[in-house]
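A, B, ... follow the sequence lines: proteins, then strands. Residue 1 opens every chain. Worth knowing before you read on, the calculation uses all heavy atoms, side chains too, and leaves out hydrogens, waters and symmetry mates.
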Number of protein chains: 2
Amino acid sequence: MHRSVRALSRGLALINELNASGPSNVVQLARRTGLNRTTCYRLLDTLREDGYVTFDETNALFGLTPQVRTLSEGVSSRDLSSQAALPAMFGLLDEVSWPSDFGVFELGSVLIRESTHPFSPFSVHRSMVGRRRSLVRSALGKTILAASAPALRREMLDLTVSLVEEDAALAKDRRFVDDILSQTKKDGYASSVGGSEAGISAIALAIPGGGPVLGSLNLIFFSSSMTPELAAKKYLPSMRAAVKEIERRWSAANKARGKLA
Amino acid sequence: MHRSVRALSRGLALINELNASGPSNVVQLARRTGLNRTTCYRLLDTLREDGYVTFDETNALFGLTPQVRTLSEGVSSRDLSSQAALPAMFGLLDEVSWPSDFGVFELGSVLIRESTHPFSPFSVHRSMVGRRRSLVRSALGKTILAASAPALRREMLDLTVSLVEEDAALAKDRRFVDDILSQTKKDGYASSVGGSEAGISAIALAIPGGGPVLGSLNLIFFSSSMTPELAAKKYLPSMRAAVKEIERRWSAANKARGKLA
DNA sequence: CCGGACGTGTTCGCACTGCGAACATTTCAC
DNA sequence: GTGAAATGTTCGCAGTGCGAACACGTCCGG
């Protein structure tokens with residue numbers, strides 16, 4: 001068995017933090033990552049030498065350079081669902097201005113695969129892709145649950161119970177889950193208010209895609225600017241169109257793949 | 001002075017390699033990064049524990065997970081020019097199917113900021129963002145040169161001479177540079193055949209954006225499928241429309257920014 | 001059938017890397 | 001003008017991370 005390399009984990013945590021919070025000074029970074037301040041200096045210097053980080057001398061701020069994208073850029077090309085989703089999400093962003101995320105079920109929660117957060121004038125977050133949302137509390141998760149066949153749904157909930165500690169109780173609560181299902185089916189969409197973060201609401205649609213549900217698409221907005229009901233009234237048609245387009249691209253991509261194989 | 005942390009640099013090199021080449025076995029990774037094989041195991045195990053890497057046991061292949069995008073996703077949101085470019089590039093991809101890159105001049109060469117490579121059915125490369133192209137040999141670079149005012153152009157070339165060893169001779173060659181300018185101005189676009197990679201051609205347009213040139217946009221295609229002249233005939237109108245849209249979004253974004261400041 | 005080329009996975013002792021307490025200095029609020 | 005909170009640097013030592021070496025499976029050509 002190989003031991004793990006502490007210095008690498010720590011360096012990546014730093015990049016993560018810089019990415020999530022933007023340019024920061026050393027003390028902030030040290031506090032938020034829990035690292036010793038000197039250790040931060042050393043790691044940041046390394047990242048700077050390698051071209052991933054810049055240092056603004058006048059304000060003593062460290063920030064990421066576009067080069068960090070050499071670490072991840074190729075990943076999405078392997079993922080057909082994301083490839084299908086992102087172009088449609090840009091279309092949606094053009095129409096409604098609010099950001100949206102595309103997520104898939106994985107290991108008991110929803111993994112966000114693509115996002116137009118960085119491109120929306122109303123975005124609060126910097127980084128969404130790779131983060132997770134609750135299966136039973138987020139709009140993204142609830143709509144996937146409601147769109148799945150009962151047997152598959154059971155499996156998903158079981159996974160949540162065993163893998164996601166903070167959702168285990170809710171996922172076991174039959175009543176709670178049934179309420180999600182009936183509410184979502186009645187409305188035709190799922191919603192959440194202040195779920196992942198105070199002041200932020202979302203509505204979401206599942207992407208059926210033929211077989212087992214592909215994933216789901218949400219739309220994020222400020223709770224103060226409108227209720228989920230109003231958002232649904234204004235934006236559901238656009239979202240439905242986006243879902244349709246994702247399904248179209250998805251099946252087109254699959255067909256192209258079939259030819260190769 | 002802080003010394004640098006070798007383990008971190010090595011780990012990042014591994015991610016880079018995985019990103020550029022896709023899932024690989026340990027020996028390939030060790031060879032390509034120049035690391036000891038055991039060191040690779042140790043670093044990869046660390047990355048796996050942290051969720052950045054998966055291991056396919058049956059084929060003994062290591063690959064990146066979508067989580068690596070938590071390292072970089074937020075970066076583009078700070079960069080207005082990229083924010084303006086990507087949506088337009090998706091539109092272009094929809095029309096022509098060939099991938100394109102958006103690049104800006106930096107430190108004597110062109111830094112690729114956005115790319116639709118991962119989304120094109122014809123893409124050869126996995127990862128383009130963050131890589132660099134020659135100022136004097138790539139289509140992307142030549143069109144920026146031709147679109148810049150003489151004084152600025154001189155400065156750019158000087159930077160290239162002093163910072164980019166392999167281009168220094170060409171950048172100093174007055175005749176060579178003049179040829180680039182007259183050719184590009186005559187055609188209305190710049191091109192390259194097999195410049196960065198054998199069998200790959202490109203044509204490119206500058207994005208003026210009012211003041212000093214914003215950057216440039218290229219279109220990539222197989223040299224065997226058509227000549228640059230033919231590509232220009234077929235695709236220049238679409239590219240020009242994309243350039244227009246980028247400029248539009250750019251000035252809109254700047255206006256919005258002005259209001260905040 | 002056997003050697004040797006090439007792959008995977010693991011062990012372990014030691015050197016040197018990376019750690020962080022401690023110190024010097026500046027900035028700023030009150 | 002004084003204290004609280006930054007930034008930036010030094011340096012001796014613990015222990016992390018290193019990689020040579022080992023064990024094993026598989027494929028291929030002579």
Original post:
Base, backbone or nothing for each nucleotide of nucleotides 20-30 of chain C, written B, S, -, heavy atoms under 4.0 angstrom, 5' to 3'?
Top reply: BB---------
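Rounded to a whole Å, the CG atom of N25(B) is 7 Å from the P atom of dG7(C). Taking atom OH of Y41(B) as the reference point, atom C1' of dT11(C) lies 14 Å away to the nearest angstrom. Atoms CG (D45(B)) and C1' (dC18(D)) sit 15 Å apart, rounded to a whole Å. Atom C1' of nucleotide dT17(C) and atom CG of L8(B) are separated by 13 Å, given to the nearest angstrom. Look at CG on N59(B): it is 15 Å from P on dT26(D), rounded to the nearest Å. The CG atom of L43(B) sits 14 Å away from the C1' atom of dT17(C) (whole-angstrom rounding). Across the protein-nucleic acid pair, F55(A) atom CZ and dA6(D) atom P stand 15 Å apart, rounded to whole Å.
Rounding to the nearest 0.5 Å gives a distance of 8.0 Å between CG of N36(A) and CZ of R10(A).
Using a cutoff of 4.0 Å between basic side-chain nitrogens and carboxylate oxygens, E17(B) and R31(B) are not scored as salt-bridged. Between R42(B) and D45(B) no salt bridge is recorded (no basic side-chain N to carboxylate O distance below 4.0 Å).
With DNA chain D read from its 5' end, the first of the two nearest nucleotides for A7(A) and A60(A) is the one closest to A60(A).
With no hydrogens or angles considered, no side-chain donor-acceptor pair links T160(B) and D167(B) at under 3.5 Å.
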